[in-house]
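Just below is one structure, and these are the notes that go with it.
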Amino acid sequence: MASRHGSFFLALIVLAGGFLPACGTKTDTTTGLRTTTSGLSCKDATVTLDGVKLASNRIPMGKKIVLRYDGVRGFKKLNNRVYPGVSMSVTDLEGVSIGEFADLFGGYAATGMEPKKAGRISVTLTTGKPMKTRAEYVWKVRVWDRKGRGEIVSEMKINMI
C-alpha cells in the first residue's frame, strides 16, 4: 500500500510540473554559455558564427556571433499578443562596460508581437573596437516578459582572437 501512495505522489509532482513556471540552468560545455530560465522557458539556446554552431568561446575580431533561443514559451498573452523585452551587454572581466543595449525590442513595447514569432529570438553581437584581441569579455543577454515576471538570462565569456 505504501508504494501505491508513493507512486501517486510522484505522479502529482510530474503533472504539476507541466503547470509551474519553468526554472533552471543549463550550461553548454563547449562554449561555456550558461542559460538560466525563470517563468519563461526555451528548448535550446545556441551560439553560432557564420551560421555554424560554435565549438568554443574563441571569437575572431570583426565577426558576428548570434545567440538564438528556440522554442521560447511562457509569455503572458494579452489580446493574442506577447510583449518580450531583450537587452544585451558586454563587459570586460573587471565589469567595465564595453557596450550596453537596454531595450533591443523597444519597438514591441506598445504593440507586442504574435506568440509564434516570439518563439524564436535571436541576438547578434558584432565584435570589434573597443574590444581587443587576446582579451576576455562577458557577453550577457536577457529576455524578459514585459507583461509577466518571466525571464531568460544567458552569459558567456568570449575570448577575442
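By the 4.0 Å N-to-carboxylate-O rule, R120 lies close enough to D70 to be salt-bridged with it. With respect to K53 and D44, no salt bridge is recorded, no charged nitrogen being found less than 4.0 Å from a carboxylate O.
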Report task. Give the C-alpha distance, both sets of side-chain angles, the deciding distance and a yes or no for side-chain contact (heavy atoms from CB on, under 4.5 Å) between I98 and M131. Result -> CA-CA 7 Å; I98 302 300; M131 299 170 107; 3.9 Å; yes
Requested in this report: Take N57 and M156, measure what side-chain contact (heavy atoms from CB on, under 4.5 Å) needs, and give me the verdict at the end.
Outcome: CA-CA 8 Å; N57 67 343; M156 176 178 158; 3.9 Å; yes
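Between E155 and L33, the closest side-chain pair of non-hydrogen atoms is not below 4.5 Å. Between V143 and V153, every side-chain heavy-atom pair lies at or beyond the 4.5 Å cut-off. The shortest distance between side-chain heavy atoms of R68 and T48 does not fall below 4.5 Å.
A donor atom on one side chain and an acceptor atom on the other are not found under 3.5 Å apart for T91 and S97. A donor and an acceptor atom, one from each side chain of S154 and Y69, are located under 3.5 Å apart.
If you chain together hydrophobic residues whose side chains sit under 4.5 Å apart, I121 and L40 fall into the same group. Following chains of ILVMFWY side-chain contacts shorter than 4.5 Å, one cannot reach V47 starting from I161, and the two form parts of different hydrophobic clusters.
Within 6.0 Å of atom CZ in F105, more than 12 heavy atoms from other residues, nucleotides or ligands are found, so the atom counts as buried in its surroundings. Around atom CZ of R34, no more than 12 heavy atoms belonging to other residues, nucleotides or ligands sit under 6.0 Å away. Atom CZ of R81 is surrounded by more than 12 heavy atoms from other residues, nucleotides or ligands within 6.0 Å.
With L104 as reference, V123 is the one residue of T124, V141, V123 to meet the side-chain contact (heavy atoms from CB on, under 4.5 Å) rule.
Summarising the geometry of V66 relative to S122, their closest heavy-atom pair is CG1-CB, 4.1 Å, with the distance given to 0.1 Å.
Evaluation of the side-chain hydrogen bond (donor to acceptor under 3.5 Å, both in side chains) rule for Y137 yields no partner, not counting sequence neighbours.
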